[in-house]
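Take a look at the structure set out below.
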Amino acid sequence: MPNTTANKFDDWLDLYADRANTLSVSEVRALFAVVSRPEVVSLAGGMPYVHALPKDTIEKSFKKLMHDRGDLAIQYSGGQGDLTLRDQVRELMALEGIKSSVEDIVMTTGSQHGLDLISGLFLERGDVVLAEGPSYVGAIGIFRHYEAHVEHVETDNDGLQPEALEEAIKRLKAEGRKIKFLYLVPNFANPSGVTLAAKRRARIIELCRKNHILVLEDNPYGLLYFDKKVPNALRSMDDNVIYLGSFSKILAPGFRVGYVLCPPAIREKLVLAQESAILCPSAFSQMLISEYLAESDWQGQIETFRGVYRERRDAALDAMKEYLPKLSTTRPEGGFYLWITLPEGLDSKAMLPLAVKELVAYTPGTAFYGDGTGQNKLRICYSFPTPDNIKVGIKRLSNVINLQTELRDTFAKKGTKK
Ligand code: PMP
């Protein structure tokens with residue numbers, strides 16, 4: 001297999017595993033260096049607005065932890081994760097209708113790590129993972145790393161379409177393909193911002209159950225709703241659903257703490273995989289979060305986040321209406337993201353350098369598909385910039401899009417004159 005991403009001066013080219021060829025610089029990460037320049041309005045990376053957190057409360061939790069249980073916090077700990085925190089996670093998941101036992105919860109180093117461990121347990125070269133089209137770029141990267149094929153299933157404003165799922169399963173089975181998972185982000189999805197309608201959830205679970213396909217429910221944004229609570233989790237309807245959660249968006253990603261709730265048989269394997277990979281998740285991070293949850297008004301803090309993100313979502317939608325009224329966009333009811341459809345014929349990846357020149361950045365749609373589609377889509381993340389900057393960013397974006405549309409029309413006219 002030719003190594004397309006490796007540096008030609010790399011002396012170890014002949015030694016890499018084939019798997020290493022699946023690693024390439026993500027379109028999101030490649031942007032970070034450019035967009036961190038202060039003059040650029042970044043609507044690209046999905047960063048939580050951590051400035052809204054009470055740092056003094058976290059500092060108090062830190063001091064109390066070090067004073068009361070400091071030696072334990074900086075020691076190795078159990079592979080399944082801190083028991084007290086697992087119990088708190090149980091309460092957190094109950095907010096979305098999930099009944100669970102601490103026995104079945106495994107703490108991980110962010111939910112990204114949970115996703116990686118689960119993928120490592122199940123995926124082999126050529127296996128199929130069904131995922132929403134579009135889907136979370138970080139998950140697509142992991143599935144590819146395990147050399148699985150990502151098959152996208154069509155979505156609309158109510159999320160994944162059960163009919164499209166049924167059709168995909170039928171077709172893939174007829175082709176003799178092995179489908180291992182359905183991976184989905186049911187609430188305020190990354191990148192589309194849409195939420196899977198309640199009435200579709202049971203149908204999707206039923207289809208997967210009937211076809212012996214594991215459901216991976218990735219839900220980092222569900223508690224960040226603006227007005228209305230999200231429908232109950234898929235996991236609340238079926239104990240065989242593997243549920244991934246995270247403290248990254250409702251607290252802060254720097255702690256790198258996530259969790260997986262899974263059926264007992266899988267949980268045992270998952271803990272072994274975790275111990276083999278990292279011995280144990282960080283006791284320090286887990287105990288600090290546990291202390292924070294016990295001592296602070298964490299629900300009030302999530303309410304603060306909801307207000308911050310609601311205001312930014314409104315700023316983004318208002319700016320879209322003002323500067324790009326003809327473009328269609330999703331209307332998220334929570335979370336971080338807007339998904340925009342460009343005029344026909346425009347390519348968001350090719351347009352990105354022009355946008356950065358105009359001092360605005362976004363993520364091209366192709367990042368969210370494993371099959372190279374999504375050229376005329378782009379993702380805007382409104383969670384981090386101030387509402388004023390969001391407006392400035394979208395105005396700049398409109399300059400680029402309008403210019404590109406004019407150029408497209410000019411070329412089309414020239415073409416018809418010939
Ligand atoms: N899943 C989704 C849908 C995400 O958007 C992210 C982060 N952007 C993650 C998983 C990973 O989150 P973390 O590892 O920080 O918990």
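Counting starts at 1 for both ligands and their atoms, in listed order.
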Subject >> ring-ring contact (aromatic ring centres under 6.0 Å, His included) between H113 and Y259, worked out >> reply: CA-CA 9 Å; H113 188 223; Y259 45 93; over 10 Å; no
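- The pair R306-E311 does not count as a salt bridge, with every side-chain nitrogen at least 4.0 angstrom from each carboxylate oxygen.
- Annotation: cation-pi pair R19/Y146 absent, no NZ/CZ under 6.0 Å from the ring centroid and within 45° of its normal.
- Against a heavy-atom cut-off of under 4.0 Å, D218 is close to the following atoms of ligand 1: 1 (N), 2 (C), 3 (C), 10 (C).
- Of all the atoms in ligand 1, the ones that sit under 4.0 Å from a non-hydrogen atom of S248 are 13 (P), 15 (O), 16 (O).
- For ligand 1, the atoms lying closer than 4.0 Å to a non-hydrogen atom of G110 are 14 (O), 16 (O).
- Polar contact with ligand 1: present for N190 (N/O pair, distance under 3.5 Å).
- For ligand 1, none of its N or O atoms has an N or O atom of H113 under 3.5 Å away.
- Using a 4.0 angstrom heavy-atom cutoff, Y221 counts as in contact with ligand 1.
- Within the listing of ligand 1, atoms 13 (P), 16 (O) sit less than 4.0 angstrom from a heavy atom of S246.
- Taking a cut-off of under 4.0 Å to the non-hydrogen atoms of R256, the atoms of ligand 1 that pass are 13 (P), 14 (O), 15 (O).
- Residue contacts with ligand 1 include P220, since one or more of its heavy atoms lies under 4.0 Å from the ligand.
- Once rounded to the nearest 0.5 Å, the distance linking CZ of R235 with SG of C262 reads 7.5 Å.
- Residue Y337 has no N or O atom closer than 3.5 Å to an N or O atom of ligand 1.
- Results of the side chain to side chain contact (heavy atoms under 4.5 Å, CB included) test with V194 over N157, N187, L160 single out N157 as the only residue that passes.
- For E206 and K210, the salt-bridge test fails: no basic side-chain N is under 4.0 Å from an acidic carboxylate O.
- Checked for salt-bridge contact, K229 and E96 miss the test: no charged N lies under 4.0 Å from a carboxylate O.
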